[in-house]
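See below for the structure under consideration.
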Amino acid sequence: MVSNSRAGDYPPPPGASQSFGTALCGLSETLNGDEMEEHEKGRDAFESDEAYRLHALRHSTAHIMAEAIQTLFPGAKFTIGPPIKDGFFYDVDVAEPISEESLTDIEKAMKRIVKRNSKFERSVLSRPDAVALFEALEQPYKVDRIGRLPEDAEIMVYDQGGFRDLCAGPHVQRTGNCKHFKLLKVSGAYLDGDSRNKMLQRVYGTVWRTRADLDLYMERQEEARKRDHRRLGTALELFMFHPYSPGAPFWLPKGEDLYNTLQGAMRGLLMEGGYSAVRTPMLFDKKLWETSGHWDHYQEVMFHFAEGHHAEGDSDEEDDSQILGLKPMNCPSHMLIFGRKRRSYRELPMRIHDQGVLHRNELRGALGGLTRVRQFCQDDAHIFCTEDQIAGEVEQVIQLVDKVYSAFDLGYRAKLSTRPADKLGSDDLWDKAEAALQNALEKAGVEFVINEGDGAFYGPKIDFDVLDALERPWQCATIQLDFQLPRRFDLSYIAEDNSAHVPVVIHRAIFGSFERFIGILIEHYAGEFPMWMAPEQVRIATVSEKSVGHGQDILEAAQAGGVKATFDDADDKIGKKIRTWHGSKVPYLAVIGEREQEDGTVSIRSRKSREMETMSLPEFVARMQGEAKPPF
RNA sequence: GCCACCGUAGCUCAGUCGGUAGAGCAACUGAUUCGUAAUCAGUAGGUCAGCGGUUCAAUUCCGCUCGGUGGCUCCA
């Protein structure tokens, strides 16, 4: 059976944040093992008994769901039904699509199977017997899977009271062990994950060892939904969307402030790190994209159109030379900048940073909130260097990623993607490049997994995934080696021996896109941004109209000191103002009444504590300024 | 793009088994001038996403379009 590609928690973040990893280990009563089958296949692959047993439980529940679907949808053909993080799914080919409404019916049928308490009985079949069995059961996808099993594979079938499925196991002992489940959603899924293939129906479910675990899981999912950046972004007035420009956020004043803060902080960090910033065009002649290879490999993701004025209904073939494309990436511009004059090895490594606006024509169905948009900016940079400099440069970027993510207390997972089948360049070059990336990761002490064959055609890469509130991974930082682009642009530098060499290019981003990263941060902080990022750092609230004058003085002093302050002088009671302020997630509230007015002081309370602190006006401004310093 | 679901006031959501809609918060007006998590009263606000069909009658049923959500594919 297919192994779980999404299971496993990310390594704990350097600051050991509790926002991630809602693993429910330890909540179940001590395991006594009586609910597992005796056959302990693959036990070693799991880090704990709990993980191993949950895996078996989820796998078993998937089988129960399959049987239930078969009774309700006669003729259903099953493909794969693996356990995944927190649950399982099964992909099934049915004549009528499965709707969300039918989930309750499927659940009812599953409950009957659980109640029946059938034993999961394992038998080993010969290949011809197994093929004959699944042909008789009219399960062509299973027959196909048997054909794809390795020569020496032991072919096993599990029988749960009549319903039989091809499966490597292990399972729990009885269907009665799978009581605490819930079906969550249905979706389409392509056969073998290939969009050219038929679309199957995928049903997702979750299952836990105890009722309490299930309830806790559902509650946590509900809590996570409250942190959804789309919800918070609307509530906190950070951004909006409009149907006239799907996939393109409108940054409202507070969101724009947050965006600018992050852009500035990253720009400052990179300037310190020896980068120089540039600004480049958005619209380019098609010829550029032909040179870069985007026209051949990326055209469908680009927005492009004809230059010049065309009369309505003018259907003449467009002149190719007039096609313009909106940039989906900055790299070609940077190639042109590098190539504008003769370069010496003394200039290397050359690091060019660009926060330009990018457009990608993403499929409509793929768009969502800030995490997948059509218009965005990256904290993009390209490093031009010699082959000998690759290791050092990559290591430096990995350290930057770790430094920045630690500052946000964000956990991440690193993936090293190696050469794909249709690669460009010699094996020798790839050997060196992959080794350089791997060494850099090891030297930096960053845990990583290897994604065999998942590299770009032009070079291997390291991607860094971060989790959102619902623990879905999103690719943010990336480090990609590129041996091809410099060649396509005919770039060279003069080495010490006065001969010309082709530089290597490293594409790298730390946040990735500002849009996606901000979306992640909103969820990570549940909207409660640290002082330095907060678009509103302190709100000044008057107790009554009598102290408006003093409040105004404080506002002016704060703003003059660069503190992002606002003034709530509304005709409301202070209790109401506190409540409203708390919902706004602003870090500090300054309460100004007649006492403060007389003493010339400021009384503040923070989001984290109800305790008041009173201080002089200069002390207040200095404290706000001190806490607003960026951590990197 | 594919599969399923959703679209009611600025926001969160009721409701209508077909007879053109309601709450809370927000907004606005008035009263109140108040010391640490909601002062009182009132007012206004909706082509029930859009277009078409069925019907005496559509927000409700059907179709299409647009947008969104969850997945698939792809990717920052």
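In what follows, chains carry the letters A, B, and so on, assigned in the order in which the sequence lines appear, proteins first and then strands, with residues in each chain numbered from 1.
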G-U wobble or Watson-Crick pairing nucleotide for [N] (cut-off 3.5 Å, both distances):
{"N": "rA49(B)", "result": "rU65(B)"}
{"N": "rU60(B)", "result": "none"}
{"N": "rC11(B)", "result": "rG24(B)"}
{"N": "rU16(B)", "result": "none"}
{"N": "rG1(B)", "result": "rC72(B)"}
{"N": "rU29(B)", "result": "rA41(B)"}

Could you check whether [X] gets within reach of a base, just the sugar-phosphate, or nothing at all, counting any heavy atom under 4.0 Å?
{"X": "E594(A)", "value": "base"}
{"X": "G193(A)", "value": "sugar-phosphate"}
{"X": "G365(A)", "value": "base"}
{"X": "K573(A)", "value": "base"}
{"X": "I574(A)", "value": "sugar-phosphate"}
{"X": "Q475(A)", "value": "sugar-phosphate"}
{"X": "V301(A)", "value": "nothing"}
{"X": "E596(A)", "value": "base"}
{"X": "S195(A)", "value": "sugar-phosphate"}
{"X": "A509(A)", "value": "nothing"}
{"X": "L367(A)", "value": "sugar-phosphate"}

Between [X] ([atom1]) and [N] ([atom2]), how many Å, whole number?
{"X": "L200(A)", "N": "rG71(B)", "atom1": "CG", "atom2": "C1'", "value": "13 Å"}
{"X": "K577(A)", "N": "rU39(B)", "atom1": "NZ", "atom2": "C1'", "value": "13 Å"}
{"X": "E300(A)", "N": "rU73(B)", "atom1": "CD", "atom2": "P", "value": "17 Å"}
{"X": "Y90(A)", "N": "rG71(B)", "atom1": "OH", "atom2": "C1'", "value": "19 Å"}
{"X": "Y412(A)", "N": "rA76(B)", "atom1": "OH", "atom2": "P", "value": "19 Å"}
{"X": "Q221(A)", "N": "rG70(B)", "atom1": "CD", "atom2": "P", "value": "12 Å"}
{"X": "K198(A)", "N": "rU73(B)", "atom1": "NZ", "atom2": "P", "value": "18 Å"}
{"X": "D468(A)", "N": "rU69(B)", "atom1": "CG", "atom2": "C1'", "value": "14 Å"}

OP1 or OP2 of [N] under 4.0 Å from side-chain N/O of [X]:
{"X": "R472(A)", "N": "rG70(B)", "result": "yes"}
{"X": "K576(A)", "N": "rA26(B)", "result": "yes"}
{"X": "R230(A)", "N": "rU69(B)", "result": "yes"}
{"X": "R202(A)", "N": "rC3(B)", "result": "no"}

Considering only side-chain heavy atoms of [X], which listed nucleotide, [options], is closest?
{"X": "K546(A)", "options": "rA37(B), rC72(B), rU33(B)", "answer": "rU33(B)"}
{"X": "S187(A)", "options": "rC3(B), rC11(B), rG68(B)", "answer": "rC3(B)"}
{"X": "A189(A)", "options": "rU33(B), rA76(B), rC72(B)", "answer": "rC72(B)"}
{"X": "M612(A)", "options": "rC3(B), rU36(B), rA76(B)", "answer": "rU36(B)"}
{"X": "V543(A)", "options": "rA76(B), rG35(B), rA37(B)", "answer": "rG35(B)"}
{"X": "R516(A)", "options": "rU39(B), rC75(B), rA4(B)", "answer": "rC75(B)"}
{"X": "K185(A)", "options": "rU39(B), rG70(B), rC3(B)", "answer": "rG70(B)"}
{"X": "K461(A)", "options": "rA76(B), rC34(B), rC72(B)", "answer": "rA76(B)"}

Tell me whether the side-chain N or O atoms of [X] pair up with the base of [N] as donor and acceptor below 3.5 Å, since no angle test is needed here.
{"X": "R605(A)", "N": "rU36(B)", "result": "yes"}
{"X": "R360(A)", "N": "rC75(B)", "result": "no"}
{"X": "Y190(A)", "N": "rG1(B)", "result": "yes"}
{"X": "E100(A)", "N": "rG70(B)", "result": "no"}
{"X": "E362(A)", "N": "rA76(B)", "result": "yes"}

Between [M] and [N] - [atom1] atom distance, rounded Å:
{"N": "rA41(B)", "M": "rC25(B)", "atom1": "P", "value": "11 Å"}
{"N": "rC6(B)", "M": "rG15(B)", "atom1": "P", "value": "14 Å"}
{"N": "rU16(B)", "M": "rG22(B)", "atom1": "C1'", "value": "11 Å"}

- Where each residue is assigned the nucleotide of RNA chain B containing its nearest heavy atom, which of I98(A) and H242(A) is assigned the position nearer the 5′ end?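 Its nearest nucleotide lies further toward 5', so the answer is I98(A).
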
- Between R231(A) and Q378(A), which is nearer to the 5' end of RNA chain B once each is assigned its nearest nucleotide? R231(A)

- Validation row: S417(A), I462(A) side chains within 4.5 angstrom (heavy atoms): no

- Minimum side-chain heavy-atom gap L410(A)-L521(A) below 4.5 Å: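 Counting from C-beta outward, L410(A) and L521(A) do come under 4.5 Å.
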
- Item | Option passing ring-ring contact (aromatic ring centres under 6.0 Å, His included) with Y412(A) (candidates F464(A), F448(A), F511(A)) |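 Passing option: F464(A).
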
- Task: Please say which of F376(A), Y259(A), Y405(A) ends up in a ring-ring contact (aromatic ring centres under 6.0 Å, His included) with F517(A).
- Result: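 Between F517(A) and the candidates, ring-ring contact (aromatic ring centres under 6.0 Å, His included) is satisfied uniquely by Y405(A).
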
Whether the side chain of [X] engages the backbone of [Y] through a donor-acceptor N/O pair (distance < 3.5 Å, no angle test) should be reported.
{"X": "H550(A)", "Y": "V602(A)", "value": "no"}
{"X": "R607(A)", "Y": "K585(A)", "value": "yes"}
{"X": "D194(A)", "Y": "R196(A)", "value": "yes"}
{"X": "R360(A)", "Y": "P328(A)", "value": "yes"}

- Kindly state whether the pair F376(A) / rA76(B) counts as stacked, where counting means centroids closer than 5.5 Å and planes tilted less than 30° apart. yes

- Checking K185(A) against Y204(A): charged group under 6.0 Å from the ring centre and within 45 degrees of the axis? yes

- Query: At their closest point, which heavy atom of A366(A) faces which heavy atom of R372(A), and how far apart are they?
  - Reply: O-CG, 3.0 Å

